[in-house]
Protein chains: 2
Amino acid sequence: MIQPRPRTIPEATVARLAVYLRVLSALADGGRSTVSSGELAAAAGVNPAGLRKDLSHLGPCGVRGVGYEVATLRDRISAVLGVERSRACVLVGIGNLGSALADYAGFGSRGFEFVGLFDAAPARIGQRIGGQTVRPIDELEEVVAATDASIGVITTPAEVAQSICDRLAAAGVRSILNFAPVTLAAPDGVDVRKVDLSVELQVLAFVGQQRLVPAVGEPA
Amino acid sequence: MIQPRPRTIPEATVARLAVYLRVLSALADGGRSTVSSGELAAAAGVNPAGLRKDLSHLGPCGVRGVGYEVATLRDRISAVLGVERSRACVLVGIGNLGSALADYAGFGSRGFEFVGLFDAAPARIGQRIGGQTVRPIDELEEVVAATDASIGVITTPAEVAQSICDRLAAAGVRSILNFAPVTLAAPDGVDVRKVDLSVELQVLAFVGQQRLVPAVGEPA
DNA sequence: GCGACTTTGTTCCTGCGTTCACAAGCGGTT
DNA sequence: AACCGCTTGTGAACGCAGGAACAAAGTCGC
């Protein structure tokens with residue numbers, strides 16, 4: 001019953017495992033039974049050696065000389081990522097972005113289930129999105145307690161994001177995904193991850209413009 | 001007229017500069033005139049030493065013993081990131097997520113201007129979002145050529161993302177931000193950056209669950 | 001049954017990003 | 001005018017991720 005696995009998988013690897021999982025699911029749907037690391041790496045846009053190293057964190061799961069069995073590897077990654085278990089999530093801020101997330105079917109198949117959608121605007125309350133009804137923010141703590149939700153997603157305006165973060169943390173949420181353009185402070189034990197869409201665009205634009213002027217002071 | 005700057009700013013630094021810029025703008029609006037690296041780092045959620053190293057890429061821009069002048073530093077970062085110059089962007093796929101991006105006011109103040117919104121669904125064509133009218137995809141090449149757009153954002157379903165990517169690249173777009181859950185292939189000279197919302201959630205959930213079982217085989 | 005080929009799993013190495021620690025420099029004070 | 005405290009900017013060490021090369025292992029063909 002020992003686990004010889006180091007049990008600590010690098011975060012970058014986890015992110016790529018999620019990508020592999022998606023590619024493998026597509027391959028399985030296409031009726032494919034085995035893949036080589038090179039092929040899988042090409043489909044995922046990574047280096048073959050890196051892919052094998054990522055997979056090595058799961059223990060040996062390929063056959064030398066042949067490759068990886070698609071269905072087996074998919075199930076293995078699913079198990080490690082915990083896709084089987086359904087995770088209860090709450091989403092606060094049902095604007096355009098919040099609606100997009102609530103409506104995104106991709107989450108359900110990855111083990112995420114939205115058990116509560118909240119907004120402050122009375123006009124939004126009662127709307128049905130993705131099988132859920134939008135509730136007033138007052139009910140946040142109540143729903144989190146009743147559903148034991150461990151994940152909270154913030155898509156509110158920046159001004160109220162911190163207060164929502166505080167309430168989520170106090171209600172028992174352990175992981176928060178923040179789309180608001182502010183840096184949130186959370187107590188120990190609560191993990192906050194930030195996704196800033198405008199920063200992504202900014203970086204993209206910068207590397208693009210940087211590539212256009214690569215020879216300004218080139219040493220002859 | 002020489003540029004003693006190494007001229008190559010690490011990508012991770014660029015991403016943080018965008019964050020600093022936002023914090024500095026907020027400080028300036030609040031009437032603040034100077035900040036120390038420690039204070040700025042706390043507001044941005046990073047290490048003070050790392051912040052100073054990031055800023056060192058811009059050349060000396062602080063005063064020892066005092067700190068940084070808020071307005072000056074803000075303008076300096078703006079200049080480096082190229083926020084002044086307006087960049088023409090096209091957005092393909094006006095679903096919930098596309099609408100959220102088109103409607104997001106934060107882009108305009110960062111130098112990004114959407115000059116074309118495109119969708120395949122006839123029902124969406126003609127809608128007005130964020131000051132623009134949704135057009136049919138057929139007009140994509142025409143608009144890119146007319147506006148000289150250098151940035152494309154893909155928020156379409158996964159199945160058509162690659163074909164849109166090909167068309168954007170062929171039309172002359174140099175930088176592509178992809179929200180579709182597929183790995184895109186683009187010709188050399190075209191930079192593709194991917195943002196996968198479900199991967200972010202997956203990583204968040206994984207580190208959260210990993211934290212709950214840290215002592216399974218702990219060596220006494 | 002044996003050899004050769006293919007592909008995995010691992011190891012080494014290089015480069016980058018991050019963090020710590022210290023010297024340099026400026027303002028305020030006496 | 002000189003001292004002192006504070007903060008920046010930079011140099012060095014550490015840790016980590018990424019990439020390439022190699023050995024182990026299994027399969028296919030003869």
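Letters go in sequence order (proteins before strands), and every chain restarts at 1.
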Tabulate protein N/O versus nucleotide N/O from nucleotides 16-18 of chain D, keeping only pairs under 3.5 Å, one per line.
from: dG18(D); atom 1: OP1; to: R16(A); atom 2: NH1; distance (Å): 3.1
from: dG18(D); atom 1: OP2; to: R16(A); atom 2: NH1; distance (Å): 3.1
from: dG18(D); atom 1: OP2; to: R16(A); atom 2: NH2; distance (Å): 2.9

Scan nucleotides 21-30 of chain D against the protein and return all N/O pairs shorter than 3.5 Å with their distances rounded to 0.1 Å.
from: dA24(D); atom 1: N3; to: R64(A); atom 2: NH1; distance (Å): 2.7

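L55(A) has its CG atom 11 Å from the P atom of dT10(C), to the nearest Å. The distance between atom CD of E39(B) and atom C1' of dT8(D), rounded to the nearest whole Å, is 15 Å. Residue L40(B) contributes atom CG, which lies 17 Å from atom C1' of dC6(D) at whole-angstrom precision. Computed from coordinates, the L51(A) CG to dT10(C) P distance equals 14 Å when rounded to whole Å.
Every residue meeting the side chain to side chain donor-acceptor pair (under 3.5 Å) condition with R167(A), not counting sequence neighbours, appears here in chain and number order: E141(A). Annotation: salt bridge (charged side-chain N to carboxylate O under 4.0 Å, His left out) contacts of R22(A) (sequence neighbours excluded): D196(B). For A185(A), the side-chain contact (heavy atoms from CB on, under 4.5 Å) partners are Q162(A), not counting sequence neighbours. For the side chain to side chain donor-acceptor pair (under 3.5 Å) test, no residue two or more places apart in sequence or in another chain qualifies with R174(A). Under the rule for a side-chain contact (heavy atoms from CB on, under 4.5 Å), the partners of A18(B) that lie at least two apart in sequence or sit in another chain are V199(A), Q202(A), L81(B), R110(B). For R16(A), the side chain to side chain donor-acceptor pair (under 3.5 Å) criterion is met by D54(A), not counting sequence neighbours.
Close to dT8(D), at under 4.0 Å from its OP1 or OP2, lies a side-chain N or O of S37(B). Taking side-chain N and O atoms only, Y68(A) has no distance below 4.0 Å to OP1 or OP2 of dT6(C).
Of all heavy-atom pairs spanning V19(A) and A44(A), the tightest one is CG1-CB, 4.1 Å.
Applying the side chain to side chain donor-acceptor pair (under 3.5 Å) test to residues at least two apart or on different chains, the pairs with a partner in residues 35-48 of chain B are R32(B)-E39(B), S37(B)-R52(B).
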